[in-house]
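I have a structure I would like to understand better, so I am pasting it below and will then ask my questions one at a time.
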There are 2 protein chains.
Amino acid sequence: MAQADTKTQILDTAEALLQDRGFNAFSYNHIAQPLGVKNAAIHYHFPTKTDLGVALIERCRARFQQYTDLLEAGEASPVLKFEAYLTLPWRYLRDGGKVCPLGALEVEFNTLPEEMRLEVIALDQQMRAWLAIALEEGREQELLHFEGSAEERAILIAAALQGALQIARVAGNSAFNTCVRHLKQELGLAN
Amino acid sequence: MAQADTKTQILDTAEALLQDRGFNAFSYNHIAQPLGVKNAAIHYHFPTKTDLGVALIERCRARFQQYTDLLEAGEASPVLKFEAYLTLPWRYLRDGGKVCPLGALEVEFNTLPEEMRLEVIALDQQMRAWLAIALEEGREQELLHFEGSAEERAILIAAALQGALQIARVAGNSAFNTCVRHLKQELGLAN
DNA sequence: GTCTATAACGTGATAGAC
DNA sequence: GTCTATCACGTTATAGAC
């Protein structure tokens, strides 16, 4: 499966570039060079950059689905689910100051082709919806405490994490950690 | 002062484009066209795009300084100062779903020339520092209530607002309003 | 599946006329 | 201060050989 392997490597590289520079700021050559191939090889797997972008976001969605499926199957506690959600941006930051793919795509949203926009919307919806359910479960079990609807709380948390990753680039990683600590405190969680 | 006028118009257009599409996704022609001039005219005022970018951020800083100076001179209450801070992103959203210039620049941070990076860092610092002081004043006067340092609280608020503006693009403006409402509630403010 | 070669275009930028 | 004309370059994308 040499083909699948290259395809995966392309997506890996493109995803890293997206989180490092944004979608408009990387080219087929940026992907080809580290893989030791020419840009035409990338076009073979993803004819247009739109195809690549859509596949990229779809993979993010599938991966998130897999991640949450595992947590649901393991009957993870709502607190663990929330912590697992925090793990995602935490890894981005640790892995070289990357930002949330969703945030990068939202900033460039008005430059994206329609097909990509729909995927971005779906990814956002998917992630916040799952978080909201976990939060609601936590509140029902009196493990988490907050006012208002769980959906609203999920927006606040998602927005803060996304913004904190970006601010961390200019204010240092501690800015992100501070944000996480406060979000947890507000849910009544210890650190 | 036809020159100053054109220069201002260029900066206005560039700023709107930055907030709409990001820094890398607009060109000199994107600026020139609506102003009814050719791209060479833009180069006369701002020889390189880096010059334009630096001037753009510097103007954001000067404008914010002016805004806060006015509030300080008027001896605005801490609550009014906080509300004034919220007004900035609220206007962005209202003015066609723009995002925070700072957020856009942070996402593209790794693609920016050094001179622009320094300006981005300075703008972030300036805005959060002022917000932190206002928050601390509010707590001393028992008008605002929160745990932890004011600097930490300022990070959370800035991150949430920045992220909420971006999420609003895919989840609708209500996402931003929800975020603001919760931030206010957590400070003990009515709506 | 990857290559070379190339097309078609947009970009930032400069020179020199007006 | 703005124009026309132009350059050098990087970009997405395609054709056809291997």
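Below, read A as the first sequence line, B as the second, and so on, with proteins coming before strands; counting in each chain starts at 1. Model, not experiment: these values are computed from the prediction.
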Query raised in the report: For dT2(C), does OP1 or OP2 lie under 4.0 Å from any side-chain N or O of His45(A)?
Result: yes
Report task. To the nearest Å, give me how far apart CG (Asn39(A)) and P (dC3(C)) are. Result -> 9 Å
Query raised in the report: Taking all non-hydrogen atoms of both residues, which atom of Lys184(A) and which atom of Ala190(A) are closest, and how far apart?
Result: CE-O, 3.9 Å
**Report entry** Rounded interatomic separation in angstrom, taking NZ from Lys49(A) and P from dA8(C)
**Finding:** 22 Å
Query raised in the report: Do any side-chain nitrogens or oxygens of Thr48(A) fall under 4.0 Å of OP1 or OP2 in dT12(D)?
Result: no
Query raised in the report: Other than Leu118(A), which residues form its hydrophobic cluster under the rule that side-chain heavy atoms must be closer than 4.5 Å?
Result: none
Query raised in the report: Are Gln33(A) and Asn29(A) linked by a side-chain donor-acceptor pair shorter than 3.5 Å?
Result: no
Report task. With sequence neighbours left out, write down each residue that passes side chain to side chain donor-acceptor pair (under 3.5 Å) with Arg63(B), or none if nothing qualifies. Result -> Glu15(B)
Query - Test side chain to side chain contact (heavy atoms under 4.5 Å, CB included) applied to Ala129(A) - qualifying residues, sequence neighbours left out - result: Gln125(A)
Query raised in the report: Which of residues 25-38 of chain B sit near DNA chain D, with a heavy atom under 4.0 Å from it?
Result: Gly36(B), Val37(B), Lys38(B)
Report task. Compare the minimum distances between each of dT2(C), dT14(C), dT12(D) and the side chain of His43(B), then state the nucleotide with the smallest one. Result -> dT14(C)
With 3.5 Å as the limit, what N/O pairs link the protein to nucleotides 15-18 of chain D?
none

Report task. Only pairs at least two apart or in different chains count here, so list each salt bridge (Lys or Arg N to Asp or Glu O under 4.0 Å) that has a residue in residues 31-51 of chain A. Result -> none
Using a 3.5 Å cut-off and no angle test, enumerate the donor-acceptor pairs between side-chain atoms of residues 98-111 of chain B and protein atoms at least two apart in sequence or in another chain.
residue	atom	partner	partner atom	Å
Lys98(B)	NZ	Asp95(B)	OD2	3.0
Glu106(B)	OE1	Gln162(B)	NE2	2.7
Glu108(B)	OE1	Phe23(B)	N	2.5
Glu108(B)	OE2	Asn24(B)	N	3.0
Glu108(B)	OE2	Asn24(B)	ND2	2.9
Asn110(B)	ND2	Asp20(A)	O	3.1
Asn110(B)	ND2	Asp20(A)	OD1	2.6
Thr111(B)	OG1	Asn24(B)	ND2	2.9
Thr111(B)	OG1	Glu108(B)	O	2.8

Query - Atom pair distance, as rounded to whole Å: CG in Leu52(B) and P in dT11(C) - result: 14 Å
Requested in this report: In whole angstrom, give the distance that lies between atom CD1 of Ile42(B) and atom C1' of dC3(D).
Outcome: 13 Å
**Report entry** Pairs involving residues 54-75 of chain B, ordered by first then second residue, that meet ring-ring contact (aromatic ring centres under 6.0 Å, His included) (sequence neighbours left out)
**Finding:** Phe64(B)-Trp130(B)
Report summary line: Between CZ of Phe46(A) and P of dT2(C) the distance, given in whole Å, is 12 Å
**Report entry** Results of side chain to side chain contact (heavy atoms under 4.5 Å, CB included) for Gln185(B) - residues two or more places apart only
**Finding:** Arg181(B), His182(B), Asn191(B)
